[in-house]
Each structure stands twice: as structure tokens, then as C-alpha cells.
Amino acid sequence: MSKIIEPLRGVHDVLPAQIAAWQHLERITRQVFASYGYEEFRVPVIEQTQLFKRSIGDFTDIVEKEMFSFVDQGEDHITLRPEATAGIVRAVISNGLLRDGRLRVWCMGPMFRRERPQAGRYRQFHQVDAEAFGFEGPDIDAEMILLSARLLKLLGLRGVSLKVNSLGTPASRAVYRDKLTAYFTAHAESLDEDSKRRLTGNPLRILDSKNPDMQRLIAAAPLLIESLDAESREHFESLCAQLRGAGVEYHVEPHLVRGLDYYTRTVFEWTTDQLGSQSTVCAGGRYDGLVAQLGGVDTPGIGWAMGQERIVMLLEKQNLEFSKRRPQLYLVLVGEQTGIPGLQLAEQLRDAWPDLSLQINLGGGSFKTQFKRADKSGAEFALVLGDDEAARGVVAVKALRREMAQEECPVERISERIGNLLGLKKGGERNHG
RNA sequence: GUGGACGUAGCUCAGCUGGUAGAGCCCCGGAUUGUGAUUCCGGCCGUCGCGGGUUCGAGUCCCGUCGUCCACCCCA
């Protein structure tokens, strides 16, 4: 026996027992995006390293130390995407999708960051991602937030709250940044180590510090919202008015800063207090300069990302139950001559009822053994085909979890009988998936 | 990247101050002829994360390493 191979650090398997929560999330996601008229978009998980450096920012933690980057045999510099926006913007430009001027899309898939793992923070993790291009006004900001709110609500989650803020235009943010740098420099002796480091790199991040000793200093710092240019202020106020109009609760959080360089004006974040320090479940913002920065026609953009693992953790924590897909029928086959008739019976039933789930006993076994398996499968009914039934052209039907006497049914009438017993509909469900 | 806790059967865990491992669940089989979930009986399962060291002897002590988790950093 050779040594078993362990999974890489920070990556996880989603086991069959956990899949119901994931499928619930995926189903609701598709449903909600469809209800807002967003189209699904699928883009590669690998891109040129340069793409992320240019979009996320050279001096962000993500680019500086968290990317899985490598040089392939053709000497291309490749990176596993650490987030979705950059790739989507690239794809939108590459495919000329902005010729229509406007675009609303979403995607779902794995992201990769080489961080120190923790519950709710993994090296391969998954995000649901929404992006919209070509909308100048705050109406799209409101729609994006409403969409995320609806998604969280339909997932059944409780205890998430919304924070919003505006970072202004790059120009007004630069003015604020200078003010802030001056303020913190004047109080440099009270800064902790992390904040001293951030003072030169990204002083806005100091505002985000969790250090209790810093809170006094931060509270007295100049507010970004006071440095906003008039247009950004108006944009933000309009957004807030729309949120109120739509009945969405929010808090203006003047210290809310996103870590990626490309954000402008609106930023927002949904958080929970149920996941320890990994409290953000969904976050995003506007990135008006990014498309131009990546070589496209200057087009405003906005987007958000939702951490699927974090959502699933919340679903599990809140004990939300999802209907498990289990077989409705288990076909017990005992005897020398029942193999082929059994297959034919199963296929006949599947032909008749596309939505039927039927598990066939494979590998033989005594009646007792097979009934044990039937029970464990979760099936509603066991169908029994033994030599005796096969010879007489009948199938025995036994209810496994409801009061009903065992009965026999001629093979030619079994489809109809099963359809009645399980309440199946011809042609199957529509709207599935 | 920094600090800390933990790591024993598939799962949940027990194993006192060092003497070469246990329970429950799960799984498999049986309780007279072709019928499950209960009950009873029996059975399988571990290089005690990995590698070194101390010792006559280590799951138990020491060092290293890998992994998980917590906080920070950062972020979804």
C-alpha cells in the first residue's frame, strides 16, 4: 500500500452529504438573477498574471502575496484568478460585448488565494459574482444591492446586515487620502505596527483597524464622506434614497473601505456576526475606471461577490434544511432470471416518468439484504421482482414508509400504478436546475 | 505573514502522573423457508498526523514537520 495522498492545504471536498446546501444556493442564485434579467457568463479560471496586477493593484495583499502564479512551459505568466471581476472585465472587452453599451451578467465558480486557511477562508473558495457595465447613475447601484438582498432573503438567511459607503472619485479620494495621511502622520506615535505600515501603502485601511487602542484615534479622523465631490455626494444620496424607497435596511459606514484598488464611489458589504472573523458574506462596489484601465472603451462598472462557503456555513449554522434528492423506488431483484427483465422494467419506468428516481439493486444479495438496502436508500417504495413474479408477469410493490398493504401489479400496468402512487407528472418538471 | 490551541478507528470521543490501544455510531453477518427501520448475538476497522530524540519501554515527555481551528493581517 503506497502512502495516501493528502489534499493541499486550504482546499476542501464537498461531500455528497453537504451537497444539498450547495445546490440550494445554486438554484436560488439562478432563479434570482433570472428574475432581474441578468445573464450567466463563464470565464476562465486562469488569466495572464498582468491582468490582476493591473486591476486589483500592485500593492494590495492579494497581488503582493496571495496569488497562485506560475510560468508555464510556453513561458506565459499565469495566475489562478483570486477574484472574478478582472477576468469578466477582460472577457467583456475581448469579446466586444460593450458595443451594446450596457451589460448585466453574473457568474459562479472557484477562486484561489494563497492565504493562511481558517474556517470560512480557504485557498480554493467559491463565489457568486454579479457585474454590470455601462450604467452611469445610482439606479444600478440600488439594483445590485437589491438583488443581493433578495438573494440572501430567498436563501433563508437571517442576521445579515448591510453597510454602505462612498469612496468618491479617484480625484476626491486622493484629496482625502492626503488629509488622512496628514492626520495620522501627526499622530504617528499612537499608531500600531500594522497602521504604520498602512500609512505609506494604503492609509484608508487604517480606518478598518480592529485594534481597540486605535478606535479613539480613528473616531477623530477626518471622514471620507466629508471630502466627497459634489457629484459623488449626490450619487450616494440618491442611492440611499432608493434603498429607503425599496425598504432595504442599511447603515452608512464611513469607515468602510474595500481592499481592491479599482473601487470608486459606492461600496457596500453584507456582514454577519455568526462566522467569527470571517464576517463578510457579500461585498462589492462601483469601479468606473477599470474598463478603461484594462484597455476598453471608458465604461462605468459595478459588481459584487458572495462567498459561497460562507453562505453554506451560515445555512448549516442556522439549521436550514433542504429536501434531499433520494430515490423514490428501489428495485429488488432476486433470482437467476431476473437481471434482464429487471433492467427492462427499470428503463420502462424511467421512459414513462422522466422525473422518477429509481435505484436498482446491483450485485445480488438475499431478500433481507436487498430490503435493508432499499430502506437505507430512502426510497418510498420497494419494487420486487423475483423468479416467482417474473414467471407470472407481475411486480410486487411494497411501501417502505407509509401504511399500505403490499400489492402485486402486472408489468404492463406498473408504470401507471407507480405514477399514481408517487403523484408523478408526464413530461417532468419544467423550471428545474 | 504573526501569535496561540489542537491532531487516537469512516464519524464523535475515552485513554490517570510513560508499560506497545478502547467505547458509541456507522459498516458486515446471523436470530429455520422470499421482505427493511426496533431488539438480541457475533464480526471488521487503527503503522495513536508524519519524522526524529529521551527511555529497558512513548498515544502519553522533548524537538521538528504537516494539517485543522482561533485571533491578527487580509478578504468573499
Here the distance between atom C1' of B:C75 and atom CZ of A:Arg116, to the nearest Å, is 16 Å

query: Under the 5.5 Å and 30° test, is A:Phe371 stacked on the base of B:G36?
result: no

**Message:** So for A:Arg113 and B:C75, does any side-chain atom that can act as donor or acceptor lie under 3.5 Å from a complementary atom in the base?
**Reply:** no

*asked:* Counting the atoms with a prime plus P, OP1 and OP2 as sugar-phosphate, which does A:Val332 contact under 4.0 Å by heavy atoms, base, sugar-phosphate, or nothing?
replied: nothing

(Q) Please report the distance separating the C1' of B:A23 from the corresponding atom of B:A14, rounded so that it comes out in whole Å. (A) 7 Å

Using a cut-off of strictly less than 4.0 Å, decide whether A:Arg205 has a side-chain nitrogen or oxygen near OP1 or OP2 of B:C73.
no

Testing B:A71, B:C69, B:C75 for proximity to the side chain of A:Ser277, the answer is B:A71

Between A:Lys163 and A:Phe268, is there a side-chain heavy-atom distance shorter than 4.5 Å?
no

Over all strands shown, is A:Asp388 touching base, sugar-phosphate only, or nothing at heavy-atom distances under 4.0 angstrom?
base

Is the distance between the ring centroids of A:Trp106 and A:Tyr38 less than 6.0 Å?
no

Quick note, A:Lys376 side chain, CB onward, closest among B:G36, B:U68, B:C28 is B:C28

Touch check for A:Arg373, heavy atoms < 4.0 angstrom, all strands: base, sugar-phosphate only, or nothing? nothing

Whole-Å distance, A:Trp304 CH2 to B:A76 C1', equals 11 Å

| query | Is A:Val281 touching bases, backbone alone, or none of the nucleic acid, heavy atoms closer than 4.0 Å? | reply | sugar-phosphate

OP1 or OP2 of B:U35 sitting under 4.0 Å from any side-chain N/O of A:Ser366? no

(Q) Looking at A:Lys368, I'd like to know whether one of its side-chain N or O atoms comes within less than 4.0 Å of OP1 or OP2 on B:G36. (A) yes

Quick note, A:Pro117 side chain, CB onward, closest among B:G29, B:A76, B:U68 is B:U68

query = With sugar-phosphate meaning primed atoms plus P, OP1 and OP2, does A:Arg9 contact a base, only sugar-phosphate, or nothing at under 4.0 Å between heavy atoms?
reply = sugar-phosphate

### Task
Would you indicate what A:Gly120 reaches in the nucleic acid, counting non-hydrogen atoms under 4.0 angstrom: base, sugar-phosphate, or nothing?
base

query: Are A:Glu40 and A:Arg42 close enough for a salt bridge, meaning some N to O gap below 4.0 Å?
result: yes

Which of B:U68, B:G36, B:C75 is nearest the side chain of A:Thr280? It is B:C75

- Message: Taking B:G51 as the reference, what is the distance to B:U60 when you measure between their P atoms (whole Å, please)?
- Response: 13 Å

In RNA chain B, stems of three or more consecutive pairs, Watson-Crick or G-U, each with both distances under 3.5 Å, turn out to be B:1-7 with B:66-72, B:10-13 with B:22-25, B:27-31 with B:39-43, B:49-53 with B:61-65

Discussion item. Looking at A:Asp375 and A:Arg401, is there a salt bridge between them, counting it only when a charged N and a carboxylate O are closer than 4.0 Å?
Written reply: yes

query = So what does A:Ala374 hit on the nucleic acid, given a heavy-atom distance under 4.0 Å: a base, only sugar-phosphate, or nothing?
reply = nothing

Requested in this report: Using a heavy-atom cut-off of under 4.0 Å over every strand shown, decide if A:Gly335 touches base, sugar-phosphate, or nothing.
Outcome: nothing

Which of A:Met111, A:Gln308, A:Arg310 passes side chain to side chain contact (heavy atoms under 4.5 Å, CB included) with A:His126? Answer is A:Gln308

Picking from B:U35, B:C73, B:G36, the nucleotide nearest the side-chain atoms of A:Phe367 would be B:U35

By nearest-nucleotide position on RNA chain B, the 5'-leaning member of A:Ala396 and A:Arg197 is A:Ala396

A:Lys210 has its side chain closest, among B:A37, B:G4, B:C74, to B:C74

Of A:Gln308 and A:His12, the one whose nearest nucleotide on RNA chain B sits closer to the 5' end is A:His12

Electrostatic pair A:Arg198-A:Asp194, nearest N-O below 4.0 angstrom: no

A:Tyr122 has its side chain closest, among B:G36, B:C69, B:A71, to B:C69

If you look at every strand shown and take non-hydrogen atoms under 4.0 Å, does A:Arg114 touch a base, only sugar-phosphate, or nothing?
nothing

Legend entry - Sugar-phosphate, base or nothing in reach of A:Gln406, heavy atoms under 4.0 Å: base

Testing B:C70, B:A76, B:A37 for proximity to the side chain of A:Asp375, the answer is B:A37

- Query: Can you find a pair of side-chain heavy atoms, one from A:Leu385 and one from A:Val332, that are under 4.5 Å apart?
  - Reply: no

Over all strands shown, is A:Glu389 touching base, sugar-phosphate only, or nothing at heavy-atom distances under 4.0 angstrom?
base

Checklist line | Basic-acidic side-chain contact under 4.0 Å: A:Glu347, A:Arg350 | finding: yes

